[in-house]
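Counting starts at 1 for both ligands and their atoms, following the listed order. Keep in mind the model is a prediction, meaning the values are calculated, not measured. Hydrogens, waters and symmetry mates play no part in the numbers below; they use all other heavy atoms, side chains included.
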Amino acid sequence: MKFIADFHIHSKYSHATSKFMDLVSLSTWGQLKGIGVMGTGDFTHPLWQQELKTQLQEVEPGLFELKPEYQKTITSQVYDSCRVNALSPHRFMLSSEVSTVFKRNGRCYRTHSIILAPSFQAVDAITKELEKIGNIKSDGRPILGCDVVDIVKIVLNASEQCMIIPAHIWTPWYGLLGSKSGFNSVHEAFGDLTQHIYAVEKGLSSNFLMNAQLSELDRFAILCNSDAHSLQNLGREANLLDTDLSYAGIISALRKNDKNELLAGIEFFPERGKYYGDGHRACGVYLTPEQTVACNGICPVCHKPVTIGVLNRVNQLADRTVEQAEKFASKRYRVVPLFDIVAQELKQADTSQKVQKMYHQILQQVGPEFYVLLKASTQQIAQASTPGIAQAIAKIRSGDIVISPGYDGVYGQVQF
Ligand SMILES: [Zn+2]
Ligand SMILES: [Zn+2]
């Protein structure tokens, strides 16, 4: 079965997340967006774990849906055009993210890892071990003072069917290969245990082509996930799969990194990511990697070292040129979230009533957001919205857009 999957999201129990990130809303928005399989996020958090156990039921091995009594409350909020059916279901997969902060050989490393689990039994086993290491109650994404290698051991000990996936590997802070507190290779981080790592998450500020510049990454499935902290951001990046609808089917596709099963990634334009370029947010300074070299990595405004972004970091670690990388890059679709497109066309904030109304009007008349962005005819979109919105979507599909790049925590801006 073909479906779109987003394995990395957060619940209302993670820091700086929307209070609306509960299971009923996630299920509603999963359908509006057109996401077939969505991570639950935060399964190590005791209160969230309780909600998962109370509100979800297993439908296929390792995949869950809301119990009927909870589903009842969402049907009225999902338009007929977006509602799931036997051919396009909506499922949850047990997932979580942990942050590890640790010293190795006198250096400090900070990394984030996504964990996928096949059952509540595995979730319980992982939680029990992590509880011994640090506080898992204060944050849905707990911060643990242990080596990332210990997390791999705990997770695989809980179940061989679990997966551990380094998250947003390129972000300067918390990325496994990040410029500030990361390693220079996946193998440097995991050593002999690298054989148990089958996938990495590329994060919003890099694309497949950039990842293909490192031959070391060839053997890993490169995943696109949203890391959403709000309903609106669900699926801003996602994966297109064609597998059995089961935990084992999905995991097997990731492990084999089989292009007939892990069909494509649906990715952000990396320039829009907030760590793409180099610079200083507070100083309003954006630099290309060449400009950073020219000023010796020192900010011309405050004279402190600039934050080295993802493009520069990829260049540092790459062993292939962009041209050489082309044939190794996975198949991808590039998208800009529909809220952003509508907001820009209507020249209003994405939170404004006008934008919200137009967004929902399009979904109601055309279908789930991914269908609108990837498949619907521009004529159909124009009828449901404006010719400008339809034209913007057509331009994004062909990559015919201009972007001023993001840097040091500032998102890049698109012009259609
Ligand atoms: Zn993270
Ligand atoms: Zn500065």
Side-chain angles (χ1 to χ4, degrees), residues 6-18 21 39-45 48 95-102 109-116 130 134 136 138-144 146 148 151 155 163-183 189 197 199-206 222-230 233-234 236-238 268 273-275 277-288 291-292 294-310 312-313 406-411:
D6 180 0
F7 299 111
H8 182 185
I9 69 147
H10 289 281
S11 76
K12 62 188 174 184
Y13 296 108
S14 273
H15 272 312
T17 47
S18 149
M21 298 295 266
T40 57
D42 299 358
F43 71 53
T44 60
H45 193 275
W48 187 237
S95 78
S96 210
E97 184 187 29
V98 297
S99 173
T100 43
V101 180
F102 56 100
Y109 295 94
R110 297 161 198 268
T111 68
H112 284 186
S113 309
I114 303 160
I115 304 168
L116 303 179
L130 296 187
I136 55 168
S138 68
D139 192 342
R141 186 191 56 208
I143 301 169
L144 303 167
C146 73
V148 67
I151 300 291
V155 166
M163 267 195 110
I164 179 152
I165 302 168
H168 43 76
I169 54 170
W170 292 109
T171 48
W173 289 278
Y174 308 109
L176 193 79
L177 302 177
S179 64
K180 288 279 182 190
S181 48
F183 295 88
I197 309 294
V200 297
E201 179 191 73
K202 68 176 190 55
L204 302 176
S205 298
S206 82
I222 311 280
L223 298 182
C224 300
N225 295 310
S226 70
D227 199 353
H229 289 211
S230 66
N233 280 341
L234 289 169
R236 55 186 170 169
E237 284 210 330
F268 231 56
K274 56 184 178 179
Y275 294 108
D278 304 338
H280 261 174
R281 176 184 195 151
C283 306
V285 171
Y286 160 76
L287 300 170
T288 63
Q291 289 169 327
T292 300
C295 61
N296 293 317
I298 300 299
C299 171
V301 175
C302 71
H303 307 293
K304 289 183 190 145
V306 295
T307 302
I308 299 297
V310 171
N312 194 335
R313 183 64 177 158
Y407 63 96
D408 197 24
V410 183
Y411 279 107

N, O or S atoms of the protein lying under 2.8 Å from the Zn ion (ligand 2):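 As for protein N, O or S atoms lying under 2.8 Å from the Zn ion (ligand 2), they are His280 ND1, Cys283 SG, Cys299 SG, Cys302 SG.
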Metal-centred angle, the Zn ion (ligand 1) as apex - OE2 of Glu97, NE2 of His168, 10° resolution: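 So the angle at the metal works out to 100°.
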Just how far is it from atom [atom1] of [X] to atom [atom2] of [Y], taken to the nearest 0.5 Å?
| X | Y | atom1 | atom2 | answer |
| --- | --- | --- | --- | --- |
| Ser95 | Asn225 | OG | CG | 8.5 Å |
| Ser181 | Phe102 | OG | CZ | 9.0 Å |
| Thr307 | His280 | OG1 | NE2 | 4.5 Å |

Between His10 and Asp42, a side-chain donor and acceptor under 3.5 Å: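 Per modelled atom types, His10 and Asp42 side chains form a pair under 3.5 Å.
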Side-chain H-bond candidate by donor/acceptor type, Ser226 with Asp6, under 3.5 Å: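 Indeed, the side chains of Ser226 and Asp6 share at least one donor-acceptor pair under 3.5 Å.
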Closest approach to the Zn ion (ligand 1) by His112, given as the N, O or S atom name: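 Minimum-distance N/O/S atom of His112 relative to the Zn ion (ligand 1) is ND1.
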Near-ring test Tyr407/Tyr275, centroid separation under 6.0 angstrom: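 No, ring centres 6.0 Å or more apart.
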Those residues that, when tested against His168, pass side-chain contact (heavy atoms from CB on, under 4.5 Å) (two or more places apart):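 His168 satisfies side-chain contact (heavy atoms from CB on, under 4.5 Å) with His8, Glu97, His112, Thr171, Tyr174, Glu201, Asp227 only.
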